[in-house]
Structure formats: structure tokens, C-alpha cells
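Labels below follow one simple rule: chain letters A, B, ... track the order of the sequence lines, proteins then strands, and each chain is numbered from 1.
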There are 2 protein chains.
Amino acid sequence: MPPEADKKTATDDLDVRLVRTARDETGPADAPDSTSEQPRADVGPLSRMIGYALRRAQLAVFDEVIANFAEIDLRPAQFSVLVLLNHRPGLKQSDVAAALGIQRANFVVLFDGLERRGLARRTPAPNDRRSYALFLTDAGKAMLGRASELEAKHEARLDALLGEGGRERLLELLERVAKLR
Amino acid sequence: MPPEADKKTATDDLDVRLVRTARDETGPADAPDSTSEQPRADVGPLSRMIGYALRRAQLAVFDEVIANFAEIDLRPAQFSVLVLLNHRPGLKQSDVAAALGIQRANFVVLFDGLERRGLARRTPAPNDRRSYALFLTDAGKAMLGRASELEAKHEARLDALLGEGGRERLLELLERVAKLR
DNA sequence: TTATTTTGTAGTCAGCAATAACAATTATGA
DNA sequence: TCATAATTGTTATTGCTGACTACAAAATAA
């Protein structure tokens, strides 16, 4: 089984692909796997490295956010655009991209998705025919409202984990680290 | 000069507003940040969200790590494998993948790269013909040595940013967050 | 033995970031 | 004023990474 292997690709027709919606499980009876708590494998020196710890934490948080937003089909990056545009309407693409740390080239596709779904729109900028002023549509604002509710619950859960003053301390430390850039 | 100029729904004139960045914010209000590196654009509510802050910090750290490791052509994920294998030689693929939070399917390609470069090797597992026991080669240990030096400098730089006790507090908080998983 | 689980693989797909190259538009400066 | 440089939005490409499906071989449970 390891190496070797025969070609045998072919067969690839059905493509069911279920969307994995967090929550719920094998409902009735049983549930053999007791409340699992990960053993947290020993990774040695890695556990002392900031980068490694950051990555693990970030993936954990994003996993949950993505699962939470699955029902409204919104990605974290899209959410951040909605929040920013609601906070500062009329920014142009370069501004939003820069504020979020996204390459302006990549932002185009990201925003196309929002516009295609009618959540945001491009408007000709008043003084510069090269650029657009970006705004949320009413649908976008409604979407942001729902997303914010989900987000609030998520943040509350994090606060429970972080404990008293944990959020403040964490945000402060993360901001320092981000200064590296 | 945007592409088509089709949009332009007749009745659309309102909304000229000048957009002023509401500067509520916590902390020392304005202060035309003197010697700060970046203007740190105002992203509003985003700056209070753990996920956003985590992502920014993680990207900043990885950017630097990737740049530091560029000269030895090593990716963070590869580095983590070297560290783990040096710490616990003989693990099988499933173990390493699980410990690092990588899908075992994806780990195959990752390890192939290390093996191809002669940094690590697969050895038939003693009691299980299905699996391999993984080890670093001498070249792999040498590579890990150089990488560790670069990593140490990086961590030192982070410590300078984090200040006294900063690392401990940050690691502790990140570990709690990672518990989400 | 038979059924189930584990392990390693291959392949596909999606998200996201970095880059290069362009055309239209502004800004600059001599 | 006009040639040149810088901006802005765009397209396309590449690479890393993570998630999933499907498989075959081997180990384990029933």
C-alpha cells in the first residue's frame, strides 16, 4: 500500500458533496465517543513558538466563524468588508484593500462576489473617473445585521474562554505582534 | 476607467455624504500618531474582534518567518515537521499529522517534499506493515539547526515587542482560544 | 472468516495571498 | 503644454494550505 500503487484514477462521477453544517451529530441514543477533549499531543518546542500558537488559535477561531456563517454563506473576509463599508461608506477599492491588508488585485474578486449577490455596490467616484466609491446595499446591511448577531455569540463564547480581562490583554498583545509588519 | 458603465440606476442621487471616520475608539483618542510605522487605518468594530486581530497578527508573524526562512527554502509547515520529528523520532504519518493539526492526506505531499530533499525519511514500521516510522536525516538535523538559529532571532524580536512577561501571557491566552477546537 | 477500522495515497476543489502586466486616468515637472 | 510618472481597477497566474472523497493494503474486532 504505501508506495507502489497502480493507476486507477478513472471513476469519478457522482459528486454529492454535503455542506457540513456544524452543530448536531448522531442524534438518538448512544454516542459512543464520550466527551472528547483532545489529548493535545506533545509537540515539544513548537508549543513555545509564537507563530505556531498563533496559527493554531487562528485556525480554531476561523473554523468556528466559518461554521457559524455557513448558514448565511458568508466568509470571514467578506464579513470584514461588510463591517468596514458599514463603518466608512464610500471608500474606494484601494482604501478598503489597504485597510484590510488585502492586495487590491485580490480585492476585486472578493468584492465582485459581494456585488453579484447584491450586498454591496460600486458607484462612480465623484472626482476620479478611475475609481469607485463603495457602499453597502440595503440587502448588505441586512446581511451584516444577521452576521453580527452570529458574531456576537461567537465573541461571547471566546470571552468565556478567555476569562476576566482576557480579551483586553489578548487584543493588546496581538496588536503589538501585528506591528511586525 | 472602470469597465462597463451600465449601472447607474436612474433614481440614484442621494448619498453624497462626506464620510468622516467616526473616531470613537478606545484609548488615547486621536493624537496624530507621530512616529508610528503605519497609519493603521481605522477599521472600526473589526479591531475589537478576536478573529480579525488573530489573523492580522498571524499573517505578520508568518510573513517574517517566511522571509527569514527564504534563504534556506523552508516553509513554516515544513519547519514544524522537522521540529516535531526531532523531538519525537519514529512517529508515523498519522501521528505527526494529528499532532500538527494537518489532514493526513495533505501531510503526504508535505512529507514527500522533505524526503525528496533528503531532510527526512520513511522507514518501515516495526509492527505494522501499513505504516512508516519517520525520522530526520543528518541533513535534516543540520537544516533544523540552521532554521532554529533564524527562528531564535525571530522570537527574540517578538519578545522585544511583547515586553516583560508578554510571551507567557500571550501563549496562555492563545492556548485557551485554541481550546475552541 | 467476515466486517470494520486504520494507514498511506492520489486527486480534486476552494480560499487566499503575492505578482506581473495592462489600460485608463491623474499628477508632475521641466 | 506635453512627455513622463504614478494611481486605480482588472485579469491572469502561481503557490501554499486546508477539506473531502475514494481506494487499496493491512490490522483488528466480532
*When the distance from CG of A:Asp63 to P of D:dG18 is rounded to whole Å, what number comes out?*
10 Å
*Tell me whether the OP1 or OP2 atom of D:dT8 has a side-chain N or O from A:Lys92 closer than 4.0 Å.*
yes
*asked:* For a quick test of reading the model: is some side-chain N or O of B:Arg75 closer than 4.0 Å to OP1 or OP2 of D:dT17?
replied: yes
*If only side-chain N and O atoms of B:Arg129 are considered, is one of them under 4.0 Å from the OP1 or OP2 phosphate oxygen of D:dT28?*
no
*Quick one: B:Phe79 CZ to D:dC16 C1', roughly how many Å, whole number?*
18 Å
*From A:Glu155 CD over to A:Arg167 CZ, what is the distance, rounded to the nearest 0.5 angstrom?*
4.5 Å
*asked:* What I want to find out is whether B:Glu149 reaches B:Lys153 closely enough, with some N-O distance under 4.0 Å, to be called a salt bridge.
replied: no
*Using a strict 4.0 Å threshold on nitrogen-to-oxygen distance, state whether B:Asp112 and B:Arg122 make a salt bridge.*
yes
*Round to a whole Å and report the spacing from CG of B:Leu91 to C1' of C:dT7.*
14 Å
*asked:* When you measure only distances, ignoring hydrogens and angles, does the side chain of B:Arg130 come within 3.5 Å of the base of C:dT6 through a donor and an acceptor?
replied: yes
*Report the distance from atom CD of B:Gln78 to atom P of D:dG15, rounded to the nearest whole Å.*
14 Å
_With a 4.0 Å limit, can you tell me whether B:Tyr132 has a side-chain N or O closer than that to the phosphate oxygens OP1/OP2 of C:dT9?_
yes
*asked:* Closer than 4.0 angstrom, basic N to acidic O: yes or no for A:Arg56 and B:Glu175?
replied: no
_Between B:Glu164 and B:Arg169, does any NZ, NE, NH1 or NH2 come within less than 4.0 Å of an OD or OE carboxylate oxygen?_
no
*asked:* So if I take residues 94-128 of chain B and measure heavy-atom distances to DNA chain D, which residues fall below 4.0 Å?
replied: B:Gln103, B:Ala105, B:Asn106, B:Asp128
*Counting only side-chain N and O atoms of B:Gln93, is one of them less than 4.0 Å from OP1 or OP2 of C:dT9?*
yes
*Taking only Lys NZ, Arg NE, NH1 and NH2, and the carboxylate oxygens of Asp or Glu, determine whether A:Arg157 and A:Glu64 approach each other closer than 4.0 Å.*
yes
